[in-house]
Each structure stands twice: as C-alpha cells, then as structure tokens.
K.L.:
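Take a look at this one; I'll ask things after.
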2 protein chains.
Amino acid sequence: MHKKQLLYFFTIIVLLNQLVAAEITTVRMQNNKLPTIKEIAKKLNVSVSTVSRALHDHPSIGLVTTMRVHKVAKELGYEVNKSAIYFKERKTYTIGVIIPSLAEPFFSSALCGVEDFAGQFNYNVIIGQSLDSFEREKRIVENMKDHRVDGILVSLTKETSTYEHFDNLKKYNIPIVFFDRVPQKKDIHFVSCNLHSGMLQAISRFVDAGHKKIGLINGPAKMAATLQRLEIYFKCLKENNLPINYDIIASTTLSKDDNIKAIRKLIDQDEMPTAVMVFNDYVLLDCIATVKAAGLEVNKDISFISFANLPIWEYMDTRPLASIEQFSYKQASIATDFLFKLIDANNKGDHTEVNYLQQIIDSEMVNYPLK
Amino acid sequence: MHKKQLLYFFTIIVLLNQLVAAEITTVRMQNNKLPTIKEIAKKLNVSVSTVSRALHDHPSIGLVTTMRVHKVAKELGYEVNKSAIYFKERKTYTIGVIIPSLAEPFFSSALCGVEDFAGQFNYNVIIGQSLDSFEREKRIVENMKDHRVDGILVSLTKETSTYEHFDNLKKYNIPIVFFDRVPQKKDIHFVSCNLHSGMLQAISRFVDAGHKKIGLINGPAKMAATLQRLEIYFKCLKENNLPINYDIIASTTLSKDDNIKAIRKLIDQDEMPTAVMVFNDYVLLDCIATVKAAGLEVNKDISFISFANLPIWEYMDTRPLASIEQFSYKQASIATDFLFKLIDANNKGDHTEVNYLQQIIDSEMVNYPLK
DNA sequence: CTGTTAGCGCGTTCAT
DNA sequence: ATGAACGCGCTAACAG
C-alpha cells in the first residue's frame, strides 16, 4: 500500500516537472498545417504508434507517457484527422440523399427525417436535388459514388423508369434504400406509403356524405404514383359499389395551367362530379381558385380531398374536407434506419445478402374541421 | 509518311492482339474490394506510376501502354478512389451548411441556393440543422470540422451570441461565411439583407394610404433581427414624421400563443393601430386569424405588411397588402460564391488575409393585389 | 511498455 | 518511356 502511494506521488512530481517544462517551450505553430501525431512524437522523442496508442488511452502505454502525450497534444491543439481514418477504414461516415426538390415541403421534411436520424449516429448527410431530371439523378449518383458515401437514400424523379445507374452501385458495396417514389421492382430495399388506406377513408367519407359522382384529378401518366392512384381509385369505387365514369377523371402534368384545365374539364359539364379526389394539395390550390372563379362554392357545390396534408390549410379560409397524409418524415426515418442496417451488415462483411428490407406504411386521412 | 502509317498499322495489330488476349482472361473480381491501380499494374506487369500516368493520359507514356491500361481499367471496372486523393490533397470538396431548420421555406430555399451553386463546382454539400439550439450548433461545427469540410456556411440560431466555436475554425483554415442571421461583428465574411429598404417602402405605403398609427409586432428580444427591425422601424417612422408610440409595439417569442397575445395587445385598445408591420409571415398568419375572430376585417379595419413573402399568400383569400422579400436563395448563392473565393485563396496559399467579404443586399416589398 | 514496419490508394519527384 | 521510392496521417500486426 505504502509503496503504491509512493509511486503515485513520484509520478505526479515527474509529471509536474514535465508540464512546466513543456509550457515554457509552447510556441504554437499557427503558421500553416495542422499538427499530426508525428509532430507530437518528435517533440516527445517517442514513436508515432506510442502517440497513437496514448491518445486512445491504450492500456499498454504507461501512465506517464500517456499524460505527456495528452499534454503536448493539447498544447499543439492537436485533433485527429478523421479523413485519414476514413480513408484507411474505407468509410466516410456520410450518406447521400437524392430528392427531387428541396423546395417541396414533402421532401424537405423527409430530409429532416434523415438528418435527425443520421445525426444520432454521427453520420453526415450530403444532399442532391435531382429537380426531377433523370440526367441530374444519374450525375448525382455518380458524384456520390465518387465521394464513396457509405449509402444512399433516393426518392426517384418523375422521369426515372430505368435503374441501371443504381445497380451499378452494388459493385461498390454502396447500399441504397428508396423511399416514397420507389422503383417498380421487387429486388430492392424500400419504404413507401400505401395510398389505399387513406383513399378508402376518403371515398367512404364522400359516400357517407351522400356523394355519388366522385371524380379524380390524377398526375402525369409516367409517374408511378399516378397509375397507383388510378388503380386504387377504381378499387375504392368498387368497394363502395360505385360505377367507373371516365368523364369525371382528368389528369394534369402538375403545371398551373394544366391543373386549371383538369378541374375545368370536370366542372364544365352538365353532370359534374360533386366530389373530387385530387392528386395533391398544390393541384388542389389551383382547383379551388378555379372553382371559386367559376362561381361555385367549395364544400357545397363541390367537395375535395387531396394528398399531402400541407400545414398551410390550417390558415386557409377555403380548404378541402381532408387531406391524405403520407408521412414523409416517417418514411425517411425508416428508410434511414434500413440504410444503417445495411451499412452495418457491410461493415461486418455480412455478404449473406440480407433479405430485402421493405416496408409499406399506411397513409391516413386527416380531417379539416369546417371554419 | 509511309513510315508513320506503317507504324500506326502495326500498333493497331499489336493492340488488337492484346485486347483479345485480355478479354479471354477477363474474370471480374466481384468478390469484395474495389480494383486499384496496383491491380492494374500487376495485371500488366508495369509499375503503378505508369498506370497512374496512363490513366491521366500523360504524354510521356506510350500510346500502346496507355491503351492497354485503359482497357484493363475498364475491364476491372476501375474508378479512381477520390477519398484517397482528397486525403492526400487535404481537401474534401465538401462544404457544410448550418441552418436553423429545414422545415422553414426560407432556409430550405437558401439551401437550394447553396446546392445549385456548389453543384456547378462539383462540390458536395453536407447539412446540419441547429434547430435553433446553440449546443447543437456547436456540435455540428465540431462535426464538420472533424470531417474537414473545405468551408462552412452558417445562419445562426436564435440563441447564438458568442462565436468562439467559429473562431476555432481559423486554426483549421476552414473559412466561414455567414448569411442572413449573422454575428454582430466586423471581422467576418457575411451576406445579409438590409431591412431598411423594404420597411421604408412598407411604411411609406401605409402612410400614402392615410395610416397614422402604424404598429409593430416584433420578434424575440435576443434575436439580432428583432433589434434591427425596431431601429429601422423607428427610423422609418421618423422619415415619415410619425411619432413613436410604445402602446402599438408588441413582441412575440414566435410561438402561436405568443403571436396571438401580441396582436391582441394591439387590437384590444381604444386607439388601436390601423396598420401593423409584422415580424414575419408565420406570425402574420396567426394575427389574421385572431383579428378575424375578433370581428375585424383585414385590409379595412386593419392592414398588415410582413416579412418573408411566402408563396402561400397567392392562394390565400385574406392576405397582407404586401410582404418584404429577403431573398434567401440569393443571399445563400452570394454567400456560397464568397466561400468559394475564400477556399480558392486557401488553395493558393493566399494567406494575405483577403479583405472581409461582406455584402448587404436590399430587401424589397412585394405587393399583393387585393382579391 | 514501446518501437519498427507495413499498408490504405494515389500522385509525384527523381532517377534511369 | 518507365520504374522506384516517398509521403499524406493514422492504425495495427509483429517484435522486442
């Protein structure tokens, strides 16, 4: 016991001496490049590996040495150069997110979900806006591959219908998880939102309110979401024993002009629909303006339910009966979770090809009380 | 002439032979790690430096060798590992953007500006949401420093009033450019938006419309923008020969409850203001709802002008006379431009401390026609 | 307990 | 025209 105490005492004396000595020679090298373990090693006349280990408090290094190293490191303002480590580990602790547009709340909220989740794992997120251009999407994928991101999350452009640019990533062991706008394939990891639950709630709500002619304003033909909406619309009509009537189905390319044309097609007829499912809230905004301009009263002459559940409705005087929430934040969070699972599997060299991670969450109708 | 042609002819024969030979032995190593120049070198019995040069079409390498290298590289699916290069160059071709929240259109549009601009330079953008938490901001800065980003763009949290965590980056030669929410310091690079131009337009518009009592709903006391708005408000009143009246000045922490309290303070008095400058469009949304609920008519009993110029107003029935646009996209683009200038200077070792890059752009009032 | 060596992938002198 | 050797910053296997 006494011996041990003595040892500690002695150690402290030694340390103090060194510390003082060190402080005197402190000449911070503010000149240019950052201090490295090599410099610490030189200053202390020890090897770089000793420094490395000391910095990590490796048990095999003596207390005295460890403390001296820490001291000098601090003096020099040393901080580990992670890019060296990343390089060595062949990892970047960065994931890429490719979304059509940051300007759309749906996607910025998704990005939010990714960022929140990734942040907890000390992962960085790099972003790429495809702006719904297939070419840009390809470029971004290439770029992210070049940067050797550890994984990629993607919501497809409206134009994307081939997926070679993604398959190519397999070679680099870069896992990829799709969300919301996902490929029509089975051999992928993805999270998407099932529109049936929400749309069924919507159509039923219309039916319960006595509506018989329930129209649809759909999106661009090439978008997967469009076909999906149409099928589900038919299905929901059937489930409510309503006939299909192509006169009350319109579509839009999502441009303002087209949105207006679409709703005009529906209301400019004798037997106009009294209720309409609308592709999304943006289209609906144009529809409402058009309907009003035509002298019709929303929620009386014609009722709407659309997709998106934008926060703005809360402040609008005229709003739909409801909107169908697709949980972009949640979708993105789950997708990120999937991605980390895949990255983990990669790290462990788990090449037993994990089963495809897939999840389809239910959409949900959110009612807006009448004002 | 003839000799040269012969040489070419011969060369081609040789190449063809090799190509065929190579194709036969093509056994793509799909197993695990990516091909490197070393493997190409081994396969061709040349040195890595030769491969490296050939890949860059260095003139000193013979045509034949160059083509063989390219051929094998293609077969192996070789692609340069940029993280090795980044590591060597001590660069990452990545910039960080720190913003309070992705959910706010103002900031997501700013991010958009950064992304667009950075994309043109083949730079990547990593994001960090401070969520208006000083602690988070500090953590994100640390994290970005660890990742050795080449530069950082920041819009401060509402809480930030000390800047040591940024000063610290100087040591790492990581330039910083602030935008919109900038520090109250002189020795920084920044882009911000001058509210005076827009507010003066607004107050003048009110005055022209005959308003004498022009109130103000301001933001949280600790936000720089708040003090600024107050000063400019006073200045604009003065410029229009209007007296200062503290009864028609309120403030809010930006929570919904507080927004409502603020507008209530103004309208629950005998001599209520007939026009009000509002901190931003979000606050105004609550104000409008409150005012209506109180039985007042917007743009008749009371008029508003606020800051933000949200796109939603286009679709609203009740909206302010105007909103003051602060050009987040433009601010962010300029800030990114500044950042690249600084990064460039860094690359050239220009340590002559470039003058501080600073720009203040004018805000602008955007009128909304009455519906 | 500590030092030596090797290697991650690439570009770059400096020789040859 | 080509190769050998070095270095970027760090970790780790191996050798005392």
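The structure displayed is predicted, hence computed values, not measured ones. Proteins get letters first, then strands, A, B, ... in listed order; numbering begins at 1 in each.
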K.L.:
Side-chain donor-acceptor pair under 3.5 Å between A:Ser52 and A:Ser49, yes or no?
P.N.:
no
K.L.:
Find the distance A:Ile40:CD1 to D:dC10:C1' and express it as a whole number of Å.
P.N.:
12 Å
K.L.:
Counting just side-chain N and O atoms, does A:Thr50 come under 4.0 Å of either OP1 or OP2 of C:dG3?
P.N.:
yes
K.L.:
Output, in order, the C-alpha distance, side-chain angles, deciding distance and verdict of salt bridge (charged side-chain N to carboxylate O under 4.0 Å, His left out) for A:Lys71 and A:Glu75.
P.N.:
CA-CA 6 Å; A:Lys71 184 74 192 343; A:Glu75 278 169 22; 2.9 Å; yes
K.L.:
Can you give me every donor-acceptor pair (side chain of residues 58-67 of chain A, partner residue at least two apart or in another chain, under 3.5 Å) with its distance?
P.N.:
| from | atom 1 | to | atom 2 | distance (Å) |
| --- | --- | --- | --- | --- |
| A:His58 | ND1 | A:Ser60 | N | 3.1 |
| A:His58 | ND1 | A:Ser60 | OG | 2.9 |
| A:Thr66 | OG1 | A:Gly62 | O | 2.8 |

K.L.:
Only pairs at least two apart or in different chains count here, so list each ring-ring contact (aromatic ring centres under 6.0 Å, His included) that has a residue in residues 60-100 of chain A.
P.N.:
A:Tyr86-A:Tyr93, A:Tyr86-B:His147, A:Phe87-B:Phe87, A:Tyr93-A:Tyr123
K.L.:
Going by atom types only, do B:Thr157 and B:Thr160 share a side-chain donor-acceptor pair under 3.5 Å?
P.N.:
yes
K.L.:
Tell me the interatomic distance from B:Lys91, atom NZ, to D:dG9, atom P, rounded to whole angstroms.
P.N.:
16 Å
K.L.:
Report the distance from atom CD of A:Glu39 to atom P of D:dG7, rounded to the nearest whole Å.
P.N.:
14 Å
K.L.:
Going by the rule side-chain contact (heavy atoms from CB on, under 4.5 Å), which residues pair with A:Leu131 if we only count those two or more places apart in sequence or in a different chain?
P.N.:
A:Gln129, A:Arg136
K.L.:
On the nucleotide D:dA1, are OP1 or OP2 found under 4.0 Å from the side-chain N or O atoms that B:Thr65 carries?
P.N.:
no
K.L.:
Over 60° means perpendicular and under 30° means parallel, so classify the ring planes of B:Phe340 and B:Phe117, tilted if in between.
P.N.:
parallel
K.L.:
Between D:dG3 atom C1' and B:Asn45 atom CG, what is the distance in whole Å?
P.N.:
13 Å
K.L.:
Determine, for nucleotides 7-16 of chain C in 5'-to-3' order, which nucleotides have protein heavy atoms under 4.0 Å from the base (write B), from only the sugar-phosphate (write S), or from neither (write -).
P.N.:
BBBBBBB---
K.L.:
How far does the helix from C:dC1-D:dG16 to C:dT16-D:dA1 bend, going by the axes of its first and last five pairs, to the nearest 10°?
P.N.:
50°
K.L.:
Return each pair, listed once, that meets salt bridge (Lys or Arg N to Asp or Glu O under 4.0 Å) where at least one residue sits in residues 78-89 of chain A; pairs must be two or more places apart or across chains.
P.N.:
A:Glu79-B:Lys145, A:Lys82-B:Asp146
K.L.:
Using atom CD1 of A:Ile61 as one end and atom C1' of C:dC1 as the other, report the distance to the nearest whole Å.
P.N.:
6 Å
